[in-house]
2 protein chains.
Amino acid sequence: MSHPERDTRQIIVDTAERFFRDIGYQKTTVADIAKSLRMSPANVYRFFDSKKSINEAVLERYKREQEEAIIAIAEQDRPAADRLREILIASFRLNAARFAGHARMQEMVCAAMEESWDAIIAHIERFDAVLRRVLADGVASGEFRAIEPAHATGCIRTAMIRFMHPLLISQCECIPGPSAEEMIAFILRGLEAQPQGA
Amino acid sequence: MSHPERDTRQIIVDTAERFFRDIGYQKTTVADIAKSLRMSPANVYRFFDSKKSINEAVLERYKREQEEAIIAIAEQDRPAADRLREILIASFRLNAARFAGHARMQEMVCAAMEESWDAIIAHIERFDAVLRRVLADGVASGEFRAIEPAHATGCIRTAMIRFMHPLLISQCECIPGPSAEEMIAFILRGLEAQPQGA
């Protein structure tokens with residue numbers, strides 16, 4: 001059974017995403033999106049009440065993909081350190097695939113930071129919830145030192161921002177520093193309950 | 001003995017800084033700076049061959065102030081952990097004082113990232129040299145675990161970028177997460193040679 005309304009919605013989102021990537025969020029208009037779909041702007045507005053709402057739908061998909069990926073990793077029956085490493089690397093790779101080399105993509109994220117703050121905070125809270133759970137597992141199993149999971153979650157997310165933030169993923173490519181893998185290894189080493197030589 | 005040439009140079013830099021902060025780097029012209037000093041643009045060009053050169057002089061002063069501050073801390077006769085903490089907090093406070101609440105200030109930094117990359121890299125290398133030395137001291141004294149100082153320097157600088165980068169200092173104020181002091185404590189805890197309970 002097909003869902004024409006849902007399909008149309010999805011096609012609008014796909015088209016908008018391509019415009020945002022290629023010519024940027026600021027320069028894209030709802031009329032551009034409608035025209036390339038041979039729709040009237042009024043028809044697009046039946047599905048989304050503003051460019052802001054379309055942007056939210058594009059980012060919603062990104063966030064959902066990342067959240068599903070990291071929840072699947074968190075639920076695996078493996079050491080917490082391995083799950084934490086994979087969650088961080090998967091998040092970096094998803095963001096890098098979207099934003100590295102696409103300078104215009106940060107416009108849509110910057111716009112969302114100004115217009116759709118609640119949605120961004122909600123995503124950060126869901127990301128944190130997954131990390132917190134894995135950190136708590138690692139403390140309970142004795143893999144990690146006695147950190148407070150909620151506090152360590154905020155610190156680890158902050159330490160990784162260079163590998164998550166759309167602007168920094170592009171801008172920091174030319175700055176000398178660790179790879180994402182090296183950064184994650186450094187963080188994990190600082191969490192270990194029994195460092196070498198202790 | 002006065003240095004009229006040097007004084008004029010300094011007055012141009014001070015004026016440019018005010019323009020960059022108040023109306024932004026993009027909208028400021030050399031003619032604006034000259035006019036507010038009752039100078040001809042040609043006279044300003046005697047001292048700086050472009051707006052880019054004036055921007056470099058503004059940032060040069062910021063960088064020099066930060067470098068002098070952290071070198072003075074690095075040379076103190078105190079435990080490496082204390083010096084590392086103070087270097088990071090002093091760097092954060094200097095950057096926060098300049099950039100927090102002055103959204104337009106990031107324009108000049110973004111411009112420098114596009115136009116004056118070598119100057120930025122040179123600053124990062126001097127910052128790293130100071131950090132590396134303190135980390136090596138801490139490993140030698142047994143305060144820190146057996147990290148490789150150059151590698152740990154890159155990781156610590158990257159972990160702290162949310163508190164150093166002009167854009168993030170403003171943008172992240174509304175994102176839940178650790179304070180600069182809490183972040184530094186988390187990093188230091190991960191460097192300790194003898195964690196609690198080991």
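Quick note: numbers below take in every heavy atom, side chains included, and nothing from hydrogens, waters or symmetry partners. Just so we're on the same page: letters track the sequence lines, and every chain starts at 1.
A heavy-atom distance below 4.5 Å is not found between the side chains of Phe163(B) and Leu88(B). When side chains are defined from C-beta on, Ile156(A) counts as touching Leu135(A), because their heavy atoms get closer than 4.5 Å. Contact of the Phe127(A) side chain with the Arg157(A) side chain is registered, since non-hydrogen atoms from C-beta on lie closer than 4.5 Å.
Residue Ile187(A) does not touch chain B at all, counting heavy-atom pairs closer than 4.5 Å. Both the backbone and the side chain of Ile175(A) have a heavy atom closer than 4.5 Å to some heavy atom of chain B. For a residue to count as touching a neighbouring chain, one of its non-hydrogen atoms must lie under 4.5 Å from one of that chain's; by this rule Leu168(B) touches chain A with the side chain only. For Ala150(B), no part lies near chain A; criterion is any non-hydrogen pair under 4.5 Å. At a 4.5 Å heavy-atom cutoff, the contact between Glu182(A) and chain B is made by backbone and side-chain atoms alike.
Salt bridge annotation for Asp137(B)-Arg83(B): present, with a cationic side-chain nitrogen under 4.0 angstrom from a carboxylate oxygen. Ion pairing between a basic and an acidic side chain is recognised when a charged N comes within 4.0 Å of a carboxylate O; Arg61(A) and Asp14(A) show such pairing. A salt bridge does not link Glu68(B) with Lys63(B): none of the charged nitrogens is closer than 4.0 Å to a carboxylate oxygen.
Hydrophobic cluster membership is shared by Met160(B) and Ile71(B), with clusters built from Ile, Leu, Val, Met, Phe, Trp and Tyr side chains linked at under 4.5 angstrom.
For Ile147(A) against Ala152(A), the heavy-atom pair with the smallest separation is CD1-CB, 3.7 Å.
Paired with Tyr62(B) under the rule side-chain hydrogen bond (donor to acceptor under 3.5 Å, both in side chains), one option of Glu67(B), His123(B), Glu17(B) passes, and it is Glu17(B).
Ranking Ala159(A), Cys110(A), Gly154(A) against chain B, the residue ahead of the rest is Ala159(A), based on heavy-atom pairs under 4.5 Å.
By a heavy-atom distance cut of under 4.5 Å, not one residue of residues 34-52 of chain A is near chain B.
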